Amino acid sequence: RSFSSEKDIHKDYAVPNPTWSEDLRLLYEQFMKKCEDGSWERLPSYRQHPAGGCSDFQARHLDPSAMKELTSRARLFTRSFEDGLGFEYVMFCNDAEKRVVCILQGGPHLQGMPGLFHGGAILTIIDATAGMCAKRIGKVVLTANLNVNFKRPIPLCSVVVLNAQLEKAEGRKFFVSCTVHSGDGRTLHTEAT
Ligand SMILES: CCCCCC/C=C\CCCCCCCC(=O)SCCNC(=O)CCNC(=O)[C@H](O)C(C)(C)COP(=O)(O)OP(=O)(O)OC[C@H]1O[C@@H](n2cnc3c(N)ncnc32)[C@H](O)[C@@H]1OP(=O)(O)O
């Protein structure tokens, strides 16, 4: 049985839904404004992304017969929650500045310590944002190394802003830094490379 209907799999989830808080909506509108002159671009997001450009990689790492069966059931991890319960987010990229920003509201199913965002969930969205920043340049990217400093806990269901910046490219290696700030920009919660 597939986990999602065809309709859900092909829906773009990087748009507001009724579970979004006022804070997330406001940030979304601010970034959509920045997209108007073409410097920033909103990145659509699906439960299953097409494997375009990955076929060589898949052939090298995956068993083709298992792959066929898996494909119908697979979902992007960050899009595998019901609306409002997990990661509610939208990414925006600025290719000239080699930056990707992710605005995120972490839902109640991402709890670690009571009332706080789970550290693994924070790492997940950092990995996805920094990975997307590298993927704007590389075709297929894998994380080789992820260093993180958790500076201040993130209250569950609050809104945060991730800022990923490509620092340098060395052959096929990309070095990306990423910070997580509170929605109002006052608190640095996490920094990673
Ligand atoms: C088109 C599809 C769209 C899909 C939907 C889009 C949605 C999101 C967008 C992207 C988001 C992605 C974010 C998620 C990314 C992940 O989490 S991937 C999963 C976790 N990672 C892995 O499973 C990787 C496992 N590791 C490997 O496969 C390999 O180790 C490697 C590929 C990383 C490297 O191996 P290899 O290719 O054999 O290279 P090496 O010769 O070993 O090394 C090359 C250079 O890299 C340096 N290096 C290797 N490992 C590390 C490390 N851990 N730390 C630092 N540096 C490392 C190594 O020293 C070599 O450097 P030099 O060339 O010698 O300078």
Side-chain angles (χ1 to χ4, degrees), residues 2-4 6-15 28 31 35 40-64 66-81 83 86-95 97-107 110 112 117-150 160-180 190-193:
S2 78
F3 294 133
S4 302
E6 280 290 296
K7 198 171 123 251
D8 286 344
I9 282 171
H10 296 120
K11 182 174 142 185
D12 178 5
Y13 281 86
V15 289
Y28 177 80
F31 272 93
C35 293
W40 287 83
E41 183 189 336
R42 182 189 72 89
L43 299 173
S45 174
Y46 309 99
R47 287 192 163 163
Q48 272 191 17
H49 282 255
C54 287
S55 47
D56 289 354
F57 173 81
Q58 285 182 324
R60 194 146 39 97
H61 291 277
L62 307 168
D63 167 7
M67 201 43 212
K68 196 159 185 266
E69 155 65 8
L70 257 179
T71 303
S72 64
R73 293 165 48 212
R75 278 189 199 179
L76 188 65
F77 179 32
T78 47
R79 291 293 180 202
S80 61
F81 295 80
D83 281 358
F87 300 91
E88 287 295 337
Y89 68 98
V90 182
M91 289 186 196
F92 296 88
C93 70
N94 182 323
D95 286 338
E97 293 180 6
K98 299 180 171 51
R99 272 175 72 192
V100 170
V101 164
C102 173
I103 57 172
L104 165 79
Q105 173 184 303
L110 302 181
F117 215 100
H118 194 290
I122 301 171
L123 272 183
T124 296
I125 199 71
I126 288 174
D127 194 23
T129 308
M132 183 57 84
C133 188
K135 189 172 155 26
R136 297 300 297 172
I137 300 166
K139 202 160 74 170
V140 178
V141 294
L142 284 175
T143 306
N145 178 276
L146 187 52
N147 294 299
V148 64
N149 287 313
F150 297 105
V160 292
V161 179
L162 291 92
N163 217 310
Q165 173 76 57
L166 181 80
E167 301 291 351
K168 66 173 172 172
E170 231 173 50
R172 63 192 176 110
K173 296 189 292 185
F174 302 102
F175 297 81
V176 182
S177 63
C178 186
T179 56
V180 186
T190 319
E191 53 189 14
T193 55

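It should be emphasised that the depicted structure is a prediction, and the values quoted were computed from it without experimental measurement. Worth knowing before you read on, the calculation uses all heavy atoms, side chains too, and leaves out hydrogens, waters and symmetry mates. First listed ligand is number 1; within each ligand, the first listed atom is number 1. Counting from 1, the numbers follow the sequence of the chain as shown.
Between E170 and ligand 1, no N or O atom pair is found at a separation short of 3.5 Å. Annotation: K173 places an N or O atom under 3.5 Å from an N or O atom of ligand 1; distance criterion only.
By the 30° and 60° cut-offs, the orientation of the rings of F87 relative to F77 is perpendicular.
Looking at heavy atoms from C-beta onward, D12 lies in side-chain contact with Y46 at the 4.5 angstrom threshold. Counting heavy atoms from C-beta on, the side chains of F31 and R42 never come closer than 4.5 Å.
Here the closest non-hydrogen pair linking A169 and F174 is CB-CD2, 3.8 Å.
Nearest residue to atom 21 (N) of ligand 1 from N147, T143, L142 is T143 (criterion: closest heavy atom). Nearest-heavy-atom check against atom 7 (C) of ligand 1 across R79, M91, R172, M132 picks out M132. For atom 53 (N) of ligand 1, the nearest non-hydrogen atom from the set G131, A144, A128 belongs to A144.
Here the CD1 atom belonging to I122 is positioned 13.5 Å from the CG atom belonging to D127, to the nearest 0.5 angstrom.
Close approach of ligand 1 to N145 (heavy-atom distance below 4.0 Å) involves ligand atoms 52 (C), 53 (N), 54 (N).
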